[in-house]
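It should be emphasised that the depicted structure is a prediction, and the values quoted were computed from it without experimental measurement.
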Amino acid sequence: MLAGSEWGLGEGDERYVQFASGGKVSGHAGCNRFFTSYEQQGSKMQIAGIATTRMFCGEVTMKREKEWLDLLNRVRSFKMTHLKLTLYGAKRVQLAVLKRRDFD
């Protein structure tokens, strides 16, 4: 379902997340690339233990990067259509709506 898809926040924002087979996930957090694994059971999902490269960009970029990684760590479920991925945290609180990046 999620494997083989790539999702981002929209035009002008370079942050994205890419789900691969075998429960692998990677992406770009704004300055650094990240990688980890995810578990999915139906519409439930958890991303944990995110590792990143160690580059430093400006303070504003680093703050946005931290917010993105924190958001991904809080994901507990999702709802997906062909072009939209909505991420939810605990108690189905909506965290973000992502747009499909790998669709022609």
Side-chain angles (χ1 to χ4, degrees):
M1 186 177 221
L2 284 171
S5 64
E6 184 174 298
W7 306 87
L9 291 166
E11 295 204 25
D13 196 310
E14 69 284 352
R15 295 174 289 176
Y16 71 89
V17 60
Q18 183 178 55
F19 296 93
S21 60
K24 302 291 182 196
V25 64
S26 62
H28 193 268
C31 180
N32 290 285
R33 295 200 43 78
F34 68 88
F35 44 93
T36 188
S37 60
Y38 72 99
E39 292 184 20
Q40 176 192 349
Q41 291 183 348
S43 65
K44 295 184 185 216
M45 174 176 48
Q46 188 160 358
I47 300 170
I50 296 175
T52 67
T53 55
R54 304 295 242 159
M55 296 187 322
F56 180 79
C57 296
E59 185 177 328
V60 171
T61 301
M62 297 307 291
K63 181 180 180 202
R64 288 179 63 228
E65 178 169 290
K66 181 180 180 335
E67 290 169 355
W68 175 245
L69 296 173
D70 288 346
L71 180 147
L72 293 175
N73 275 320
R74 293 193 324 265
V75 171
R76 296 297 174 261
S77 62
F78 68 97
K79 181 179 178 184
M80 184 173 112
T81 66
H82 192 65
L83 298 174
K84 184 169 78 170
L85 177 66
T86 306
L87 302 176
Y88 298 96
K91 299 182 182 180
R92 295 277 299 168
V93 172
Q94 183 176 309
L95 300 174
V97 177
L98 307 180
K99 297 176 183 177
R100 187 122 191 202
R101 291 174 38 120
D102 60 345
F103 178 74
D104 294 331

Which value, rounded to the nearest 0.5 Å, describes the distance between T53 atom OG1 and F34 atom CZ? 10.5 Å
Going hydrophobic residue to hydrophobic residue with side-chain gaps under 4.5 angstrom, can you get from V25 over to L72? yes
In one Ile/Leu/Val/Met/Phe/Trp/Tyr side-chain cluster, 4.5 Å: L2, L71: yes
Sorted by chain and number, sequence neighbours left out, side-chain contact (heavy atoms from CB on, under 4.5 Å) with D13 holds for L9, R15, R64
Given the rule that I, L, V, M, F, W and Y join up when any side-chain heavy atoms are under 4.5 Å apart, are M80 and V17 in one cluster? yes
Can you list every pair that meets disulfide (SG to SG under 2.5 Å) and has a residue in residues 6-83, with sequence neighbours left out? C31-C57
Joint hydrophobic cluster, L87 plus F19, side-chain heavy atoms closer than 4.5 Å: yes
Taking only residues two or more places apart in sequence or in another chain, which ones pass side-chain hydrogen bond (donor to acceptor under 3.5 Å, both in side chains) with K66? D70
Hits for salt bridge (charged side-chain N to carboxylate O under 4.0 Å, His left out) against R74, two or more places apart or cross-chain, chain-then-number order -> none
With sequence neighbours excluded, residues passing side-chain hydrogen bond (donor to acceptor under 3.5 Å, both in side chains) with S5: W7
Excluding sequence neighbours, so at least two apart, what forms side-chain hydrogen bond (donor to acceptor under 3.5 Å, both in side chains) with R33? Y16
For residues 89-101, please give each side-chain donor-acceptor pair under 3.5 Å, one per line with the distance, not counting sequence neighbours.
{"from": "R92", "atom 1": "NH1", "to": "S77", "atom 2": "OG", "distance (Å)": "3.2"}
{"from": "R100", "atom 1": "NE", "to": "D102", "atom 2": "OD1", "distance (Å)": "2.6"}
{"from": "R101", "atom 1": "NE", "to": "E6", "atom 2": "OE2", "distance (Å)": "2.9"}
{"from": "R101", "atom 1": "NH2", "to": "E6", "atom 2": "OE2", "distance (Å)": "3.3"}

How long is the span from the OG1 atom in T61 to the CD atom in E14, to the nearest 0.5 Å? 7.0 Å
Which pairs would a plain distance check flag for residues 39-50, meaning a side-chain donor or acceptor within less than 3.5 Å of a matching protein atom at least two apart in sequence or in another chain?
{"from": "Q40", "atom 1": "NE2", "to": "G42", "atom 2": "O", "distance (Å)": "3.2"}

A side-chain contact here means heavy atoms from C-beta on lying under 4.5 Å apart; do M62 and F56 qualify? yes
I'd like to check the side-chain hydrogen bond (donor to acceptor under 3.5 Å, both in side chains) partners of Y38; sequence neighbours left out, ordered by chain and number. none
Counterpart residues, salt bridge (charged side-chain N to carboxylate O under 4.0 Å, His left out), relative to K84 (two or more places apart): none
